Amino acid sequence: MKEYLVEIFNRLSEKIDYLRNIEILFSVPTQLGHGDYSTNIAMILSKQLKRSPTSIANEIVQKLQYDSKIIDKVEIAPPGFLNFYFKSDFINNIIKTILNENSNYGKSEKYKNKKALVEFVSANPTGPLTVGHGRNAVVGDTVANMLETVGYNVDREYYFNNAGRQMRILADSVKLRYLEICGEKIDFPEDYYQGEYIKDIAQKIYDEKGKGLSTDKNLEYFQNIAETEIFTDIKNTLKNIGIEMDSFYNEYCLYENKAIENLLNTFKEKELSYEKDGALWFKLSQLGQEADKVIIKSTGEPTYRLPDIAYHVTKYQRGYELLVDLFGSDHNATYPDVVAGVKALGYDTTKLKVLIHQFVTIMEKGSVVKMSTRKANFITLDELINEVGADVVRYFFIMRSIHSHLNFDLELAKKHSDENPVFYIQYAHARICSILQMTKEQELNSSIEHLDLLTTESEQVLIKKLYKFSYEVLYSTENYEPHRIALYLEELAESFHKFYTECRVIGVEKDLSEARISLCIATRIVFRNGFKILGINAPERM
RNA sequence: GCGCCCGUAGCUCAAUUGGAUAGAGCAUUUGACUUCGGAUCAAAGGGUUGGGGGUUCAAAUCCUCCCGGGCGUACCA
């Protein structure tokens, strides 16, 4: 439909000067009575042409040439909208397209063969993933799915810092617990990792090595074991919600491969760094930032900025054309330094898209649960997955805009999980499967010979909704708004349920029945393609 | 103080990026199964889009000033 409008307006612009070199937007009106597509072009041009919108609209309608087999009518609605109504025969062709393209329907080749890297989760391995990390994990994976749908070759990457203070405290925490198990009296500092999992790791070391470890020399040993153990756990959790990383990139290797050293030299050459108070500073104030920041502390240890910049440089060096970073809002003050850094090195930062999602507020029994890995006051993502299932977890985290604070009511998720919208859309899919199973048993076939019989309002609404899918995918992807896919699927389910209530598939006249079976199959295809993007199951029975 | 995000129905959130009568789910009330799955459908109530001012044919959306909340604002990540 939209393509056709663009086509006829392109031809029209040869006849009407003022339509040249401007972008004409077509949108689907919210009101059913406002046509299938609508444009506001007459109102936009009104000021520039010093004419009334209706006079412009009238001229457009008079000179616009279109195939009356495709467009039924064009209306002018005050204060100057142009509303286009398409012939249902033409609209129904979308069913053929969907059946043909099948699992490819909704995909686009717009970004074919381009390489993208999505960095997400990136939690340091100091403990299990919590519900708080869940949003990042699910959004990141879904954005990656979306980018794949529009043609990108996507790599999913997890970056972590294992050379800093956090990890030393982790190692020391394990060491102290180990000594405790060995029978020594210990003083366990309050700001150390309090979680039970630390004791589990210590116990495992004790079981394998006994008491004999010379603990004061083996902090690195404790860190390695803790890192390995915790990562095994993290990877397992990710797997439980269907996430598989292509790579894990650690800070330590940036020291090993001299990336940090090289970066420091480059900064020095470009006079972007200087020494003050025993520390090395990065001249961010010259790069449009508010103040200079320290990159190497007076202790000789780098701050996170240095490895983060070096890490992002490797992304460019690895040849990606799109870099997506996904952070929680606690990082919103740090990423501009990194962006400024890579920009100063001459890299194209328009390729770098930083997404910041707001925090998840956990509600339990009506009050907010404050989470802290250090204090071991958290609900793990695994616990949540076990309670409500992976589909609900994924859907819950994706259904809201990333800019909005997400209120996760544990009681609601656990006790009333059958009220979750994810069941609404999965139910629609299961229902279709059930109908199709039944038509099979009754030896009814699908056919596209008589799609013209699909004329009722609920059929037309459903078909137009199916048509919308490919646009929705592209739009949501280009704007990094994964929640719109969930929203779309809810609309689709609504349209299908309504069709189901009003139109019988089985037990009506043969040609009509066959056409409706085709519509059901097409709807099932769109549900499956949508579910695949969201990473949730398409159950045939519930 | 400054930066980013948010404030929309009783609650949780949408709104095709500036469009036409601001929509869903939950909750409340009321209807619909001897026929394809009632995890559904239909209907009702519920709103000065936090507040004031501005921009224009048109503002929940953009600008500005207040009010309220979240996250930051390190020689932590």
Side-chain angles (χ1 to χ4, degrees), chain A residues 25-31 33-34 38-40 42-44 46-47 52-53 77-81 83 122-124 126 160-161 164-167 169 251 277-281 290-291 293-299 301-305 307-308 328-336 356-359 361 363 399-409 412 416 418-421 423-424 426-428 430-439 442 444 468 471-472 475-476 479 481 483-484 486-488 490-491 493-494 496-498 500-508 513 516 520 541-542:
Chain A
L25 295 173
F26 300 100
S27 61
V28 179
T30 44
Q31 296 288 319
H34 293 152
S38 159
T39 183
N40 58 359
M43 289 176 289
I44 303 271
S46 172
K47 194 168 199 175
S52 79
F81 289 105
N83 296 337
S122 295
N124 288 340
T126 58
F160 61 101
N161 299 96
R165 184 168 156 268
Q166 264 191 19
M167 292 303 285
I169 292 177
E251 178 189 9
D277 305 331
L280 191 68
W281 294 70
E290 237 168 60
K293 297 275 175 65
V294 169
I295 44 176
I296 294 185
K297 299 185 237 176
S298 51
T299 59
E301 198 178 27
T303 63
Y304 68 90
R305 282 177 201 96
D308 274 12
S329 62
D330 55 338
H331 280 69
N332 80 53
T334 68
Y335 82 85
I356 301 286
H357 67 83
Q358 296 303 306
F359 271 25
T361 308
M363 302 289 290
M399 66 194 274
R400 305 301 185 201
S401 156
I402 62 167
H403 305 293
S404 142
H405 298 268
L406 179 65
N407 215 320
F408 203 127
D409 190 326
L412 198 78
H416 305 286
D418 58 329
E419 285 161 9
N420 193 297
F423 291 104
Y424 181 75
Q426 287 182 324
Y427 179 66
R431 216 173 200 185
I432 295 172
C433 292
S434 173
I435 294 170
L436 294 177
Q437 178 60 34
M438 209 158 290
T439 58
Q442 300 188 19
L444 294 165
K468 190 181 167 191
Y471 288 93
E472 194 61 51
Y475 184 90
S476 309
N479 290 285
E481 295 185 340
H483 73 284
R484 296 184 64 100
L487 211 70
Y488 167 81
E490 283 178 42
E491 282 176 21
E494 187 186 357
F496 177 76
H497 284 311
K498 183 139 182 156
Y500 173 89
T501 308
E502 293 179 4
C503 301
R504 293 194 59 79
V505 177
I506 297 166
V508 293
S513 180
R516 285 181 175 163
C520 285
R541 255 181 239 105
M542 292 178 70

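As a basis for the values below, the full set of heavy atoms in this structure was taken, side chains included, without hydrogen atoms, waters or symmetry mates. Convention: sequence-line order gives letters A, B, ...; per-chain numbering from 1. Predicted model only: the values in this text are computed from it and were never measured.
A/Thr30 comes within contact range of at least one nucleobase, with a heavy-atom separation under 4.0 Å. Within 4.0 Å (heavy atoms only), A/Thr303 reaches sugar-phosphate atoms of the nucleic acid but no base atom. Note on A/His483: only backbone sugar-phosphate atoms sit closer than 4.0 angstrom, heavy atoms only; bases stay farther off. Looking at heavy-atom distances under 4.0 Å, A/Ser401 makes contact with sugar-phosphate atoms alone, never a base. Within 4.0 Å of A/Glu481, counting heavy atoms only, lies at least one base atom of the nucleic acid. Residue A/Ser38 is in base contact, counting any heavy-atom pair closer than 4.0 Å across all strands shown. A/Asp308 comes within contact range of no nucleotide atom at all, as no heavy-atom separation falls under 4.0 Å.
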Report summary line: The contact string for nucleotides 3-12 of chain B, one letter per nucleotide 5' to 3', using protein heavy atoms under 4.0 Å with B, S and - for base, sugar-phosphate only and none, comes out as BBBS-----B
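Distance check on atom C1': B/U28 versus B/C33 gives 24 Å, rounded to whole Å.
Rounded to whole Å, the distance from CZ on A/Arg504 to C1' on B/C33 is 11 Å. Here B/A15 presents its P atom at 18 Å from CD of A/Gln31, a figure rounded to the nearest Å. The distance from atom CD1 of A/Ile44 to atom C1' of B/A58 is 10 Å, rounded to the nearest whole Å. Whole-Å rounding puts the A/Met438 CE to B/U35 P distance at 12 Å.
The aromatic ring of A/Tyr427 does not stack onto the base of B/G37, failing the criterion of a centre distance under 5.5 Å from the six-membered base ring together with planes under 30° apart. By the 5.5 Å and 30° criteria, A/His34 is stacked with the base of B/A20.
For a distance-only test at 3.5 Å, the side chain of A/Asn83 qualifies as a donor-acceptor partner of the base of B/A20.
Contact between the side-chain N/O atoms of A/Arg305 and the OP1/OP2 oxygens of B/A77 is not found at any separation under 4.0 Å. Contact check, A/Tyr500 against B/G38: a side-chain N or O comes under 4.0 Å of OP1 or OP2. Contact annotation: A/Lys293 side-chain N/O to B/A74 OP1/OP2 distance is not under 4.0 Å.
For A/Gly278 and A/Ile435, each mapped to the nucleotide of RNA chain B holding its nearest heavy atom, the one lying further toward the 5' end belongs to A/Ile435.
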